[in-house]
Amino acid sequence: MPLVNELAGQVLEDAEVRDPTKIALQAVIQEFESDTDERSAHIEDYLSELVDLRSIATRRQTRGNSGASVGIGSKGYNASSLADIIEDISHAIVRSVDVNLTEDKLDVHRLFVRTIHQPIRDGRSERAKPVSYIVLNYDTLIETSLAYKRIKYADGLDGGTIAWWDLEVFRQPSLKARVYKIHGSIDWRESVDDPLRFPRRTLTSTTSEPNNNGRVMIWPAETKYRETRQDPFAQLAEQAWFSLRQASNAPSLLLTCGYSFGDAHINEEITRCLREIPDLTLIVLIGACCPARVPELAKWQDDPVLGPRILIYSQHGFYHTPESFVSNAPLDWWKFENLASLIEEA
């Protein structure tokens with residue numbers, strides 16, 4: 001399964017991607033490479049840029065502006081061509097991420113969900129409350145692993161092969177897990193017969209219900225949060241953070257794995273939860289060399305209230321205000337297989 005920072009390269013190498021799409025994407029990548037931001041840009045940044053440019057072209061077209069195109073590199077693009085490029089990239093991402101998830105390919109994720117849902121103490125058969133998974137990836141590894149382990153979960157859609165959008169599924173009393181895919185999923189398609197364009201699950205990631213030509217429901221982070229509160233991504237995000245606040249009457253834990261803190265909206269929500277939930281502990285497993293290289297983590301560490309409740313396991317050490325332990329050898333805490341093994345051993 002490719003990492004998010006590998007997806008752009010795979011899109012450019014995809015033989016099914018049209019040449020105009022590759023030209024536009026390569027131009028956007030070059031613009032980001034000239035940026036001074038230390039954080040490495042990836043496919044969501046590029047998609048966000050393209051969606052923003054499409055919005056500008058659409059506004060110009062609506063106003064009847066004769067120059068209703070926007071420039072990317074040396075070429076101009078109208079709203080329609082940008083929409084085609086965005087959809088072309090989305091389908092390429094699906095092809096890269098969509099693998100046949102047989103049991104042998106899910107060993108790490110099955111180990112992870114098994115250890116997460118095993119009894120915390122002897123004599124208890126199960127956890128008292130559902131586990132919330134806030135998933136930023138587009139793949140279906142978590143929910144497929146939960147299904148293999150027969151752990152009842154909800155992800156916002158209800159029904160069989162062609163499921164429909166229904167947030168009431170999160171309120172089912174017998175749930176053991178809630179999966180919030182706030183960046184969408186490769187097996188979601190926009191429902192064209194729904195005026196609000198809510199997603200439906202598809203037969204496979206590349207097919208959909210009969211006569212449904214809706215787009216793949218994966219969406220760049222920086223853009224989706226600007227949509228109306230009726231937007232499915234905004235609704236999922238609201239549900240996700242609400243589930244964390246529900247645990248405010250008891251000690252709770254938020255663990256992030258591989259998240260680089262490049263999404264301002266998610267950072268804002270984590271900050272709010274830390275301030276509103278006094279017994280919330282944040283554990284960060286990150287590939288950065290040290291927290292000082294991640295502005296949001298550095299800010300939280302310096303906060304006298306938040307700092308003591310944040311434990312950071314980085315590529316070169318462990319940091320828990322005011323202490324730090326530095327390692328000369330790389331520590332791959334953030335890799336999912338290592339996290340699963342650590343939890344199992346613990």
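Without hydrogens or angle criteria, Asp303 side chain to Leu306 main chain gives a donor-acceptor distance under 3.5 Å. In this structure a side-chain-to-backbone donor-acceptor pair under 3.5 Å is present from Asn267 to Phe261. Side-chain atoms of Arg110 never come within 3.5 Å of backbone atoms of Lys149 as a donor-acceptor pair (strictly under, hydrogens ignored). Under a 3.5 Å cut-off, the side chain of Asn78 and the backbone N or O of Ser80 do form a donor-acceptor pair. Side chain of Asp45 to main chain of His42: a donor-acceptor pair is present (N/O by atom type, distance under 3.5 Å, no hydrogens or angles).
Between Phe318 and Tyr313, the ring planes lie tilted relative to each other; the angle falls in the 30° to 60° range.
Counting heavy atoms from C-beta outward, Asn137 and His183 have side chains that stay 4.5 Å or more apart.
In this structure, Trp333 and Asn338 approach most closely via the heavy-atom pair O-CB, 4.4 Å. For the residue pair Gly307 and His320, the shortest heavy atom distance occurs at O-CD2, 4.2 Å. Heavy atoms only, all atoms of each residue included: Gln301 and Pro291 are closest at OE1-CB, 3.2 Å. What you find for Glu13 and Lys22 is that their closest heavy atoms are C-NZ, 4.4 Å. Here the closest non-hydrogen pair linking Gln315 and Gly287 is CB-O, 3.3 Å.
Checked against side-chain hydrogen bond (donor to acceptor under 3.5 Å, both in side chains), Glu16 has no partners two or more places apart in sequence or in another chain. Applying the side-chain hydrogen bond (donor to acceptor under 3.5 Å, both in side chains) rule to Glu268 yields the partners Arg272; only residues at least two apart in sequence or on another chain are considered.
Applying side chain to side chain donor-acceptor pair (under 3.5 Å) to Asp155 and the options Lys181, Arg178, Arg201 leaves one that passes, Arg201.
To the nearest 0.5 Å, atoms CZ (Phe112) and CG (Leu339) are separated by 5.5 Å. Note that CD1 of Ile43 is 7.5 Å distant from CG of Leu12, once rounded to the nearest 0.5 Å.
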